[in-house]
Amino acid sequence: MLKRISTLVLAGLTAVTLAGCGGGGGGDTSASSGGDGSITMGFSQVGAESGWRTANTKSVQESAKTAGITLKFSDAQQKQENQIKAIRSYIQQKVDVIAFSPVVESGWDTVLKEAQNAKIPVILTDRAVDSKDTSLYKTFLGSDFVEEGRKAGTWLLEEYKSGTDPVNIVELQGTTGSAPANDRKAGFQEVIGGEAKFKVIASQTGDFTRAKGKEVMEAFLKAHPDIDVLYAHNDDMGLGAIEAIEGAGKVPGKDIKIITVDAVKDGMQALADGKINYIVECSPLLGPQLMDLAKKVVKGESVPARVVTEETTFTQEQAKAALPQRQY
């Protein structure tokens, strides 16, 4: 990553269980901060498609309470139209700040211009938009997805550095058109593209879900009996793929080496158990940083245009050491 900002304040988060998020269509659920209500944030979440996303939602909701910010929360159920409706609802309600994790990268200019005209600052979290007009949002808080792909590719180069035989790779991509799917693919390809022995023989979206990851991997296994490596854009798809690999009578982590991204507890456990070989971390605990940025932009203070979270990588032995203290 080019720049990294530490998020050590995350250790203070409590582990309370959240109620289920509201449905799509922009429907809001309010979580009162218990403070003076001086700042109200409208937040539109992608959905609840993975363990990572659930942890991200929990971090945002708990951090809003801690910061004394009233949160109006909406679950878009992975539909862009639901997010646009939610943002327009927040504009009508005259919230102080809007934050959202875009389902896809494109198609946001119109609604973001509406927020700008209403003088409501917008913060992008976790995922970017591809708008040329960067004045439409104040800052983007999240991971460097391209760098995550590079880290995955770098491990693969090292793992196969002494071999000359072809290495057949299948790729489970995230949601089509989303920033993490686009960037994790690009970063991975950037690193392995110069080595002729690495061949991506199949690449398809698994929508970041465990069920879809299993379904697509089953199809990969039927079409390609000679798979050496699986690169999954998140842990959940990788975990689904493990079920498919075991169902086909193969040993995950040995017959097919597996690289995933996220480092949620289930993924880390599979890594510690030897079923995954390497995980690139993508922290979902963005809540404290988001609330800090929200307070600053509402006050009119200057904030960086890009805030990159600090993250690491895990081998099997490192996962065993980290699991007892893992927060998500």
Side-chain angles (χ1 to χ4, degrees), residues 18-48 53 56-129 131-142 286-307:
L18 296 178
C21 301
D28 299 334
T29 58
S30 294
S32 176
S33 65
D36 60 9
S38 60
I39 295 178
T40 298
M41 172 188 287
F43 184 85
S44 178
Q45 181 61 282
V46 172
R53 190 62 56 188
N56 180 239
T57 291
K58 180 178 179 179
S59 177
V60 170
Q61 292 181 322
E62 290 183 349
S63 298
K65 292 177 182 178
T66 300
I69 291 176
T70 298
L71 186 70
K72 292 181 177 294
F73 184 91
S74 178
D75 180 341
Q77 298 183 336
Q78 293 191 300
K79 295 180 180 178
Q80 184 180 30
E81 59 267 31
N82 288 345
Q83 285 198 307
I84 291 173
K85 287 177 183 177
I87 293 169
R88 286 186 170 139
S89 173
Y90 297 148
I91 293 170
Q92 291 172 356
Q93 295 175 62
K94 298 181 180 180
V95 299
D96 299 298
V97 59
I98 292 171
F100 75 111
S101 299
V103 175
V104 294
E105 286 189 292
S106 60
W108 299 103
D109 283 35
T110 299
V111 72
L112 292 183
K113 188 66 178 176
E114 291 171 17
Q116 187 180 66
N117 290 340
K119 294 182 170 46
I120 300 174
V122 173
I123 299 172
L124 304 179
T125 72
D126 173 42
R127 300 179 178 187
V129 298
S131 174
K132 294 179 181 179
D133 186 357
T134 57
S135 73
L136 295 176
Y137 55 92
K138 294 295 184 182
T139 184
F140 165 39
L141 165 65
L286 305 182
Q289 281 181 290
L290 174 58
M291 300 310 150
D292 181 59
L293 289 168
K295 289 181 177 181
K296 288 178 178 177
V297 300
V298 169
K299 290 178 181 178
E301 296 179 14
S302 176
V303 296
R306 180 73 170 95
V307 179

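Only heavy atoms go into these numbers, but all of them, side chains included; no hydrogens, no water, no symmetry mates.
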Let me confirm one number: the OG1-CZ distance from Thr134 to Arg306, rounded to the nearest 0.5 Å. 13.5 Å
Ignoring hydrogens and geometry beyond distance, is a side-chain donor-acceptor pair present between Gln93 and Ser89 at under 3.5 Å? yes
Side chains of Thr70 and Asp96: does their closest heavy-atom pair fall under 4.5 Å? no
Report yes if some heavy atom in the side chain of Val60 is under 4.5 Å from a heavy atom in the side chain of Met291; otherwise report no. yes
Suppose we screen for salt bridge (charged side-chain N to carboxylate O under 4.0 Å, His left out). Which residues come up paired with Lys138, at least two apart in sequence or across chains? none
Ser44 side chain near Pro102 side chain, heavy-atom distance below 4.5 Å: no
Working to the nearest 0.5 Å, report the span between NZ of Lys94 and OG1 of Thr40. 13.5 Å
Interatomic distance, Thr139 atom OG1 to Leu124 atom CG [nearest 0.5 angstrom]: 8.0 Å
Measuring from atom CZ of Arg88 to atom CD of Gln83, what distance do you get when rounded to the nearest 0.5 angstrom? 13.0 Å
Is there a donor-acceptor pair under 3.5 Å between the side chain of Ser101 and the backbone N or O of Gln45? no
Just one of Thr110, Asn117, Asp109 clears the side-chain contact (heavy atoms from CB on, under 4.5 Å) bar with Lys113, so which one? Asn117
Minimum heavy-atom distance Leu112-Leu136, with the two atoms named: CB-CB, 3.9 Å
Nearest 0.5 Å, please: how far is CG in Asp75 from CG in Asn82? 8.5 Å
Heavy-atom closest pair, residues Ala99 and Thr125: CB-CG2, 4.2 Å
Given side chains that start at C-beta, do those of Met41 and Val95 come closer than 4.5 Å, heavy atoms only? no
Nearest 0.5 Å please: distance from the CD1 atom of Ile123 over to the CD atom of Gln289. 11.0 Å
Can you list the steps and then say if Glu105 with Val129 is a side-chain contact (heavy atoms from CB on, under 4.5 Å)? CA-CA 4 Å; Glu105 286 189 292; Val129 298; 5.6 Å; no
Under the ring-ring contact (aromatic ring centres under 6.0 Å, His included) rule, what pairs show up with a residue in residues 107-128, not counting sequence neighbours? Phe100-Trp108
Under a 4.5 Å cut-off applied to non-hydrogen side-chain atoms, are Ile120 and Tyr90 in contact? no
With distance as the sole test, does Gln116 use its side chain to make a donor-acceptor pair with the main-chain N or O of Val122 at under 3.5 Å? no
Side-chain heavy atoms of Leu286 within contact of Asn56, under 4.5 Å: yes
If every non-hydrogen atom of Ala294 is compared with every non-hydrogen atom of Val97, which pair is closest and at what distance? CB-CG1, 4.1 Å
